[in-house]
Each structure stands twice: as structure tokens, then as C-alpha cells.
Number of protein chains: 2
Amino acid sequence: MTGTTAAPGQRADHVRNRRLLLDAATAAFAEHGLDASMGEIAQRAGLAKGTVFRHFASKEDLLAAIMLQLLDRLTRNADRLHRADDAGAALREFMTDGVETLAADRAFCEVIGRPSLQHAEVRDAIDHLCVAVEALTARAREQGAVRGDITGTDIVLLLGGIHQTAAPLLAGEPEAWRRYLALALDGLCATDAGTLPHPPPGHLHFTDPEPS
Amino acid sequence: MTGTTAAPGQRADHVRNRRLLLDAATAAFAEHGLDASMGEIAQRAGLAKGTVFRHFASKEDLLAAIMLQLLDRLTRNADRLHRADDAGAALREFMTDGVETLAADRAFCEVIGRPSLQHAEVRDAIDHLCVAVEALTARAREQGAVRGDITGTDIVLLLGGIHQTAAPLLAGEPEAWRRYLALALDGLCATDAGTLPHPPPGHLHFTDPEPS
DNA sequence: GTTGAAGATGACCGACGGGTCACGTTGAGC
DNA sequence: GCTCAACGTGACCCGTCGGTCATCTTCAAC
């Protein structure tokens, strides 16, 4: 050990630049969605464009790394809340945190809606998230906190939907999503309402994404 | 009158081509969102690219024409349903038709979320839609069919949100939006729930859209 | 301090998209 | 059928973007 760093085979500046790039890309994708350009990301990070491609082979790869970060954070949050006593409150907290995270991230909804541009790892991470949220949701169902035919995948989909509902107001009223989250939660709690018309979603991904 | 057509000062092929372009653009924007290219639209219409620009000065202009078509259709539907006896059923029908329309149109949500790229006419059309829907909603409120603090603008925003919720499933389950529409309607009907946390949205547009 | 390999760089490339324009074509009025 | 203005056309311009590469720089091991 030299005393400064102790990376296995990586140079110190390489590690630092990767961090700078991930931060810059997170900000850029959050602000401009998928339209954020590699040049802009390099500029934000204070690096040259070529450096971006040294770290990530393509724009898709970089985007995948960002999405994995985000999905992992959501999944860990769901796992953490799984141990709470009040499953209904835990689910509410998960959704509040989830929508708040998405409120500052334009790319998430765009990516979730286009299976064609998702890496296998991203698809796996989405599946893991759905499983973790299903665990939360199952307990809430058992405790009667949500209606009986709501699944974890429903909850994950609703995060994007609630965000989209409030999105047109984002510039002027950045907290408006709280209104539509509350509305959705009231719908989820309507245990006296009938069964929902369409069957619950199975997997978010299909074996054969159309070749376009 | 010649017997064939009777346009004021327009040539017959000009009118026909405009129709072809609007149809092609509607399909292209619905399928690819704002990423649809002018070249593709020309190709779909069976015309040259220059012809597109003879009819519409810019891509924004063409998009505005498409959006005006769509918004006008929604507004007329709201006006029609305003005369129904059961205001709750009328509102449900309006939302069902609205989400179904959006389910086949990727561009709508993208445009509604970006005031910066909207023509004044489009903004006006959105305002008119909100007014028409507010009339529907007010009657539903009075009849106790929806909770007291729901406005027409809420309903318009929800159309986009419900669509986005089901969007990731669209390829495999094109009717999944019905599930989330039902869920939202249950939330809207929860007259016994408390007041929603965030105040209802005022206007969808702000005097000073950020210059970016 | 020397050295070698991994990393950083920015000029460069091809593809593509919005928009223009000089020219050929067509349709309505006479 | 003649005429002309409006219309249609597609080659072209320019900017941008994702991605590459020969070259220079820098870190770390000795």
C-alpha cells in the first residue's frame, strides 16, 4: 500500500474521472433526457470527448451505468423499508422517495418506455426492483393497507405515471407531484372498490422486443 | 363552381397534399414522438421533402398543426359530454376516450411537458381544453361523483399520467391503460379521503417560460 | 529519475436532420 | 390549347452528434 490510494490495477485519475463522468452524465440526462449529448457531458465533467468513450464504449453504455445507479438506489430503499412494521406507511415512503427522485430525472421515464434500448443488465435491475417492491407490496396487501390486486410492478409503473402527471407543472410548481401521489395512494387504498378491469402486469419485458 | 372542387384560391392538389401530410405526420409523431424526421414524414406522404416545407414553415409549425387537431378533438368531446345527465359517467367516458387516444400517440406527452416548444395557438388550445373539461368536472363535483378539490386541469394532466403509467406495457398489453385508468378513477371518487396535499394547479403555462 | 504502459486529448470522420432554392411541372382561368 | 403563377421537386447547405485514432501526457512501479 502506497498510502495515497490502493486501487487494484487502476490509476488514480482514471477512478476520479469516472466519478466526474458519472456525475456529469447523471445531471445531463436528468436535465435533457436522452437528448443530452456526449459532448455536453464531457464539457460538464471538464474532460475531453474522447475520454468519455475511453470509459464507456457507447452512449448506451453510459446511460446503462446511470440507470443501474438509480435502479440500485431504489431497490436498496425498498429492501430497507421491507423491515418496517407498518407496511402501508413503508410503501407510502417508498413511493414518495421514488417519485421525488424521478421528479429530477427526465431520462428514467424515457428509458423505461423503450425496452429496445435497454441493456440486459438494466432489464435485470428493473426486474430486481419489481421483486423488491413486490415484497413490500405483499405485506401491505396482507395488512389491508392496499387493495388485493395491486402488485409490485404496478407500484413501479405508477412512479413513472405520477411523475408524468405533474411534469408539465414542474417548472412552476416543483412539488406538485405530491398532489398526484396522494391521489394515487387514495386509489390504491380503495379496498372497497371492485376488482381492477385489466389483469395485473406480468413482466415488464417481453421475450421478443419488436425489431422496429 | 366548376363541379369538382370549390376552394377559394387554392389548387386542388395543394389541398390534397396538405391532407396527406397531416395524416403522415400524425402517424409519424404518434409512432416516433418528436424524433420523427421531416424526411420520413415526406416519404410516408409520398411527397418530396421540399413540399413539406412549402406547407409548413418549420417542424414546429407542423407539430403545432397536429397538436391542434388532437386538442380540438378532445375539446369537442368534452363539450359534447357536457350535456349528459350523469356527470360522473360523462367524465369517465371523456377520460376513457382521452387515454385511448393518447395510447396511440407518443408525441402528446412530450409536447405537453415542454412549454418552450409550444406555439401560442397550442397553448390557447390547451387552455380551452382545460376550460371545457373543468365544466364537465364541476358538474361531477356538484353531483358528488368526484371529490371536491379536483379541477379540470387535474383531469387533463391525469390523461398523460395514466398513459405514461401503462406505456412500458404498451407493446405487450395494449389495453393495460384501462387498469390504471380505473385505479385513478377510484382515487378521484374517494370523497371520504382528506383534502389533497398540494393546491390544485392554476394554469398550465407560466408567463415566463425559462429561456434555457 | 527512468521508463513503459495506461490514460487523456481534440482534430477528424461519416451519418443524419432541418431548412433552402433554382428549376421543372401542373392545374385553373381564359 | 395557351399562359402564368402557384406548386412540387430533390440536390444541396450547414450544423450537430456519436464515435475513432494518432499523438501527447501522466501516473506508478522500480
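Protein chains get the first letters and strands the later ones, always in sequence-line order, with residue 1 at the start of each.
Using a 4.0 Å cut-off on heavy atoms, the residues of residues 35-48 of chain A that approach DNA chain C are Leu47(A), Ala48(A), listed by number.
Position along DNA chain C of the nearest nucleotide to Arg16(B) versus Ser58(B) favours Ser58(B) as the more 5'-ward residue.
By the salt bridge (Lys or Arg N to Asp or Glu O under 4.0 Å) test, Arg73(B) pairs with Asp97(B), sequence neighbours left out. Checked against side-chain contact (heavy atoms from CB on, under 4.5 Å), Ala145(B) has the following partners two or more places apart in sequence or in another chain: Ala140(B). Partners of Arg106(B) by salt bridge (Lys or Arg N to Asp or Glu O under 4.0 Å), not counting sequence neighbours, listed by chain and number: Glu110(B). Under the salt bridge (Lys or Arg N to Asp or Glu O under 4.0 Å) criterion, Asp35(A) pairs with no residue at all, not counting sequence neighbours. With sequence neighbours excluded, no residue forms a side chain to side chain donor-acceptor pair (under 3.5 Å) with Thr26(A). Partners of His128(A) according to the side-chain contact (heavy atoms from CB on, under 4.5 Å) rule, which considers only residues two or more places apart in sequence or in another chain, do not exist here. For Arg19(A), the side chain to side chain donor-acceptor pair (under 3.5 Å) criterion is met by Asp23(A), Gln69(A), not counting sequence neighbours. The side-chain contact (heavy atoms from CB on, under 4.5 Å) test applied to Phe53(A) returns Met38(A), Lys49(A), not counting sequence neighbours.
For dT26(D), neither phosphate oxygen OP1 nor OP2 lies less than 4.0 angstrom from any side-chain nitrogen or oxygen of His14(A). Note on His55(B): a side-chain N or O is less than 4.0 Å away from OP1 or OP2 of dG8(D). A close approach under 4.0 Å does not occur between any side-chain nitrogen or oxygen of Asn17(A) and OP1 or OP2 of dG7(C).
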With the criterion being N/O to N/O and under 3.5 Å, what pairs connect the protein with nucleotides 21-25 of chain C, and how long is each?
none

N/O contacts under 3.5 Å, protein versus nucleotides 1-3 of chain C?
none

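What separates NZ of Lys49(B) from C1' of dC7(D) is a distance of 19 Å, to the nearest Å. Remark: P of dG17(C) and NE2 of His32(B) are 11 Å apart, rounded to the nearest angstrom. A straight line from CZ of Phe56(B) to C1' of dG18(C) spans 16 Å, rounded to a whole angstrom. One can place CZ of Arg18(A) at 17 Å from P of dA6(C), the figure rounded to the nearest angstrom.
For residues 154-180 of chain A, the set of pairs meeting the ring-ring contact (aromatic ring centres under 6.0 Å, His included) definition, not counting sequence neighbours, is empty.
Counted within 6.0 Å of CD on Gln43(A), heavy atoms from surrounding residues, nucleotides or ligands total 12 or fewer; the atom is thus considered open.
For the residue pair His119(B) / Asp61(B), a side-chain donor-acceptor distance below 3.5 Å is found, with atom types taken as modelled.
Residue-to-nucleotide contacts include no donor-acceptor pair under 3.5 Å from the side chain of Lys59(A) to the base of dG19(D).
Side-chain proximity of Ala12(A) to the nucleotides dC7(D), dA8(C), dA28(D) is greatest for dA28(D). Here dG18(C) is the nucleotide among dG18(C), dG7(C), dT9(D) with the atom lying nearest to any side-chain atom of Phe53(B).
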